[in-house]
There are 2 protein chains.
Amino acid sequence: MDPFLRAAIEEAERSLSEGGIPIGSVLVHSGTIAGRGHNRRVQKGSAILHGEMDAIENAGRRSAAFYRECTLYTTLSPCAMCSGAIILYGIPRVVIGENQSFMGEEQWLSDHGVEIEIIQDPACIKLMREFVENQPSLWSEDIGV
Amino acid sequence: MDPFLRAAIEEAERSLSEGGIPIGSVLVHSGTIAGRGHNRRVQKGSAILHGEMDAIENAGRRSAAFYRECTLYTTLSPCAMCSGAIILYGIPRVVIGENQSFMGEEQWLSDHGVEIEIIQDPACIKLMREFVENQPSLWSEDIGV
């Protein structure tokens, strides 16, 4: 498996072990992880720290030139907020673990020239399937439905 | 002036007095401010705490039903990330202080049924005009250009 997708899955598993939502992400620049993160809704009482947002936040303040050399890995298709962050910063490539449990704003990303790769990784799918079954109200809260 | 736009401007002024980017926001539910915030790029070294994101974060974890009764006030047209948060949570109405200094994803919001009101408030315009003139590189960083 791609080591960066592996790292995103490890973040998702860490979140689950903390009692949180199992979605993880890493921001990769020039072959190195610049920021890693996971959903912190439960852990920090946060409405904005989805996995992708946490990874971007943990990469710190960066220039536009930096983001334009990045790939964002995420275990789940990015929602409107996370897709908006990708577009704001001009991140050119996104690797998505799966989009069967939730379909984010992939079309909007593509329309903005973002290259998308969908893996449909069994581990990502299993993490989300079990979580949604076990905690449907928490999942609804996280995606605003 | 609308007291909620006034509160958003106070947040922007507070950010400026802290050495930060002068953009503020309040999330209003049933006539009461549920969360208020301002850009924290400088103050917290944050890549994701735009004014609108900070206001949403400070409102805490909320249900979809709550957000659907909210109006978000912001001193400046919301970028892709903040617009994405508005769409994620189904916030139905956004009052924008001005969009002359920066035009965000207003069309995308409208396409999703979000009601938008543009004030073109002189105080909001002045805050941003002076900031962009004085700190162009910080402003570029904030909008990823």
For Ala47(B) against Gly60(A), the heavy-atom pair lying closest together
CB-O, 3.9 Å
Contact origin within Arg68(B) toward chain A - heavy atom pairs under 4.5 Å:
side chain
Scan the side chains in residues 97-104 of chain B for donor-acceptor partners under 3.5 Å anywhere in the protein, sequence neighbours excluded, and list what turns up.
unit_1   : atom_1 : unit_2    : atom_2 : d
Glu98(B) : OE1    : Gln100(B) : N      : 2.7
Glu98(B) : OE1    : Ser101(B) : N      : 2.9
Glu98(B) : OE1    : Ser101(B) : OG     : 3.3
Glu98(B) : OE2    : Ser101(B) : OG     : 2.5
Asn99(B) : OD1    : Gln120(B) : NE2    : 2.7
Asn99(B) : ND2    : Glu106(B) : OE1    : 3.3
Asn99(B) : ND2    : Glu106(B) : OE2    : 3.3

Using the rule that two of Ile, Leu, Val, Met, Phe, Trp, Tyr join whenever any of their side-chain heavy atoms come within less than 4.5 Å, decide whether Val114(B) and Val28(B) are in one cluster.
no
Chain A contact via Asn58(B) - which portion, at a heavy-atom distance below 4.5 Å
neither
Is there side-chain contact between Ile48(A) and Leu49(B), with at least one heavy-atom pair below 4.5 Å?
yes
Shortest non-hydrogen contact from Leu88(A) toward Ala80(B)
N-CB, 4.1 Å
Nearest 0.5 Å, please: how far is CZ in Arg61(A) from NZ in Lys44(B)?
14.5 Å
Pull out the residues in residues 121-139 of chain B that come under 4.5 Å of chain A, heavy atom to heavy atom, sorted by number.
Leu138(B)
Quick check on the hydrophobic clustering: are Ile143(A) and Val42(A) connected, directly or via other members, by side-chain heavy-atom contacts under 4.5 Å?
yes
Does Ile23(A) share a hydrophobic cluster with Ile9(A), counting links as ILVMFWY side-chain heavy atoms below 4.5 Å and allowing steps through other members?
no
Within the structure provided, determine whether Met81(A) and Met53(B) are in side-chain contact (heavy-atom separation under 4.5 Å).
yes
Hey, quick one: are Met1(B) and Val26(B) part of the same hydrophobic cluster, counting side-chain heavy atoms closer than 4.5 Å, chains of contacts allowed?
yes
Same cluster for Leu5(B) and Ile116(B) if Ile/Leu/Val/Met/Phe/Trp/Tyr side chains link at under 4.5 Å?
no
Taking only residues at least two apart or on different chains, which pairs with a member in residues 68-89 of chain A satisfy ring pair (Phe, Tyr, Trp, His ring centres under 6.0 Å)?
Phe4(A)-Tyr73(A), Tyr67(A)-Tyr89(A)
For Ser46(A), is it the side chain, the backbone, both, or neither that has a heavy atom closer than 4.5 Å to a heavy atom of chain B?
both
Under the side-chain contact (heavy atoms from CB on, under 4.5 Å) rule, collect the residues that match up with His29(B), sequence neighbours excluded.
Ala34(B), Phe66(B), Glu69(B), Cys70(B)
Side chains of Glu141(A) and Ser63(B): is there a donor and an acceptor less than 3.5 Å apart?
no
